[in-house]
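Please read the structure below before turning to the comments.
Ligands are counted one by one from 1 in listed order, and the atoms in each one are counted from 1 as well. Sequential numbering from 1 along the given sequence is applied to the chain's residues. Owing to the predicted nature of the structure, the values given are computational and were not obtained by experimental measurement.
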Amino acid sequence: MTCLAPDEPIRAAIAALAERSLTRADPHPGEGDDGIAQEIVALARAGILKLPIRRHDAGYAYDLPYRRALPLLVGLGGADLSLGRLVEGHLNALQLVALYGDPDQQRRTADAVEAGVLMGVWGADGTPPFAPEVREDSEIRLHGSKRYCSGLGLLSLALVPYTAEDRTLRLLLVDVADPARSDASAWRMRGMRASRSGAFDFEGLHLPPGAEVGAPDDYRREPFFVGGIWRCAAAQLGAVERIVQLSVETLQASGRAEHPLQLARIGEAILAARDARLQVEAAAAAVESDGDPKLATSLAAFSRLRVEAAGMLVIALAERAIGLALFADGHPLERMTRDLSVYLRQANPDHLLLDHTRQLMARLPEIFR
Ligand SMILES: Cc1cc2nc3c(=O)[nH]c(=O)nc-3n(C[C@H](O)[C@H](O)[C@H](O)COP(=O)(O)OP(=O)(O)OC[C@H]3O[C@@H](n4cnc5c(N)ncnc54)[C@H](O)[C@@H]3O)c2cc1C
């Protein structure tokens with residue numbers, strides 16, 4: 001497996017971002033962060049938001065091979081995990097519209113993104129839960145809310161999934177630019193405060209006919225549904241690797257890196273980060289190949305679990321190796337470890353492990369080839 005490296009202009013944009021992120025203050029819980037809005041503008045200017053769009057007569061194709069997407073997400077995750085999360089959601093939304101959207105939806109999306117618009121996928125239900133009502137004239141009236149919505153005030157378009165009465169999963173393309181409907185104060189978390197996450201109130205919004213993206217249950221199609229989590233794992237991996245790198249630099253600067261117990265911690269951290277990288281690269285390659293979508297999906301699920309374990313380990317090792325200084329306000333590892341510990345909390349890891357263990361144990365000869 002080769003080590004993937006970012007190309008230009010991605011490398012230059014990420015290097016500048018990494019530099020700025022070290023000095024940017026973390027917002028207080030529930031408050032926005034103007035710095036992140038400027039970073040989104042910088043990414044748009046560098047052409048990164050529209051990178052996957054390849055226009056054709058009937059809309060656009062999603063054309064960002066994993067060999068370019070993976071280093072982009074790893075680089076962003078290492079520079080600023082909140083930004084990595086936002087771009088990961090943006091790529092997910094762009095891919096879904098390319099896969100399932102009709103020509104009008106694709107043109108609208110491509111026009112918006114080429115003008116600098118950031119997108120996302122808001123799936124987690126709030127209280128009361130998101131509940132669209134399809135009226136006789138095919139107009140859709142929205143009720144309820146979503147929570148944990150990343151990019152409040154930054155996104156203008158979101159894909160919003162819901163389960164219909166017939167239990168199929170549907171996707172709506174919704175304009176979410178209205179700041180009056182956003183509640184960033186709902187994100188009272190210890191990390192990922194710059195991700196502008198929170199609740200969005202859809203109550204009373206009307207959508208014209210044609211807001212539904214794809215056919216019922218298209219959204220569930222693999223390897224793009226669960227399989228797509230390799231991108232989330234890639235952004236997390238960026239933070240894992242940066243924590244290892246900064247830990248080593250900190251220990252070297254204080255003359256403590258050569259102590260055998262510190263060396264052992266560094267070794268454990270490198271092992272965990274490398275294992276995680278190899279799994280994420282393999283999962284991304286499998287998802288994008290024409291191979292078996294079920295196998296690719298399981299590899300992506302396992303890569304997320306491997307990154308989760310690696311993340312928890314490197315955070316613990318960094319805290320133990322560096323000690324109290326790491327916990328000080330303004331220490332680069334303080335915010336990074338806090339952000340990663342929060343972003344690692346993704347939906348139902350137990351189910352992911354059990355479900356994909358069942359899948360993979362039936363296919364060991366293929367995996368151990
Ligand atoms: C920074 C950040 C940004 C996010 N942005 C978005 C976004 O833009 N859009 C979006 O839709 N979502 C977003 N999310 C939410 C994300 O998609 C998940 O919904 C969320 O992270 C789930 O975390 P959880 O710990 O509540 O998961 P849970 O699934 O509640 O897991 C918690 C624990 O409970 C276990 N568990 C789960 N179900 C059961 C059960 N039935 N019985 C027993 N045990 C169970 C799990 O295995 C785990 O151990 C974001 C999350 C983060 C951290």
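Looking at L152, N92, D350 and measuring to atom 44 (N) of ligand 1, the nearest heavy atom belongs to D350. Comparing heavy-atom distances from atom 45 (C) of ligand 1 across L86, D125, N348 singles out N348 as nearest.
The two residues P293 and E222 make their nearest non-hydrogen contact at CB-O, 3.7 Å. The minimum heavy-atom distance linking A194 with D26 is given by the pair N-OD1, 4.4 Å. The two residues A283 and L299 come nearest to each other via the heavy atoms CB-O, 3.6 Å. Nearest heavy-atom pair across L94 and L49 is CD1-O, 3.6 Å. Here the closest non-hydrogen pair linking F130 and Y162 is CD2-CB, 3.7 Å. Shortest non-hydrogen contact noted between P65 and E288 is CA-OE1, 3.5 Å.
Close contacts between ligand 1 and M192 involve ligand atoms 1 (C) [criterion: under 4.0 Å to a heavy atom]. Close contacts of ligand 1 with G123, meaning ligand atoms under 4.0 Å from a residue heavy atom, involve 9 (N), 10 (C), 11 (O).
Close to ligand 1: A124, with a non-hydrogen atom less than 4.0 angstrom away.
Among protein heavy atoms, the minimum distance from atom 4 (C) of ligand 1 is reached at S150 OG, 3.4 Å. Considering only non-hydrogen protein atoms, atom 48 (C) of ligand 1 sits nearest to P349 CD, 3.6 Å. Atom 21 (O) of ligand 1 has R345 O, 2.6 Å as its closest protein atom, hydrogens excluded (heavy atom only). With hydrogens left out, the protein atom closest to atom 53 (C) of ligand 1 is V342 O, 3.5 Å, a heavy atom. Given atom 18 (C) of ligand 1, the protein heavy atom at minimum distance is A347 N, 4.0 Å. Ranking protein heavy atoms by distance to atom 2 (C) of ligand 1, first place goes to W187 CH2, 3.7 Å. Among all protein heavy atoms, the one lying closest to atom 19 (O) of ligand 1 is Y148 CD1, 3.9 Å.
Checking atom 26 (O) of ligand 1 against the protein gives no heavy-atom contact under 4.0 Å. Distance check on atom 30 (O) of ligand 1: every protein heavy atom falls at or beyond the 4.0 Å cut-off. Using a 4.0 Å threshold on non-hydrogen atoms, atom 33 (C) of ligand 1 does not count as touching the protein. Put simply, atom 41 (N) of ligand 1 has no protein non-hydrogen atoms near it, under 4.0 Å away. Closer than 4.0 Å to atom 12 (N) of ligand 1 lies at least one heavy atom of the protein. Inside a 4.0 Å radius of atom 15 (C) of ligand 1 there is at least one protein heavy atom.
The local environment of CG in D329 is sparse, with at most 12 non-hydrogen atoms from other residues, nucleotides or ligands closer than 6.0 Å.
Checked against a 3.5 angstrom limit, the closest N/O atoms of S197 and ligand 1 fall outside it. By the 3.5 Å distance cut-off applied to N or O atoms, R85 is counted among the residues near ligand 1. Not one N or O of C149 is nearer than 3.5 Å to an N or O of ligand 1, by distance alone. For V121, a nitrogen or oxygen atom sits less than 3.5 Å from a nitrogen or oxygen atom of ligand 1, counting backbone and side chain alike.
At a heavy-atom cutoff of 4.0 Å, ligand 1 is contacted by both the backbone and the side chain of Q346. Residue contacts with ligand 1, taken as heavy atom pairs separated by less than 4.0 Å, do not involve F200 at all.
Side chains of F202 and V176 form a contact here, defined as non-hydrogen atoms less than 4.5 Å apart. Under the 4.5 Å side-chain criterion, counting only non-hydrogen atoms from C-beta, E139 is not in contact with E133. Between L86 and E39 the shortest side-chain heavy-atom distance does not fall below 4.5 Å. P161 is not listed as a side-chain neighbour of R170, based on a closest heavy-atom distance of 4.5 Å or more.
Of the options D178, L118, V117, a side-chain contact (heavy atoms from CB on, under 4.5 Å) to S156 is made by V117 and by none of the others.
Remark: L43 CG to I36 CD1 distance equals 9.0 Å, nearest 0.5 Å.
If you look at Y219 and Y100, their ring centroids are not closer than 6.0 Å.
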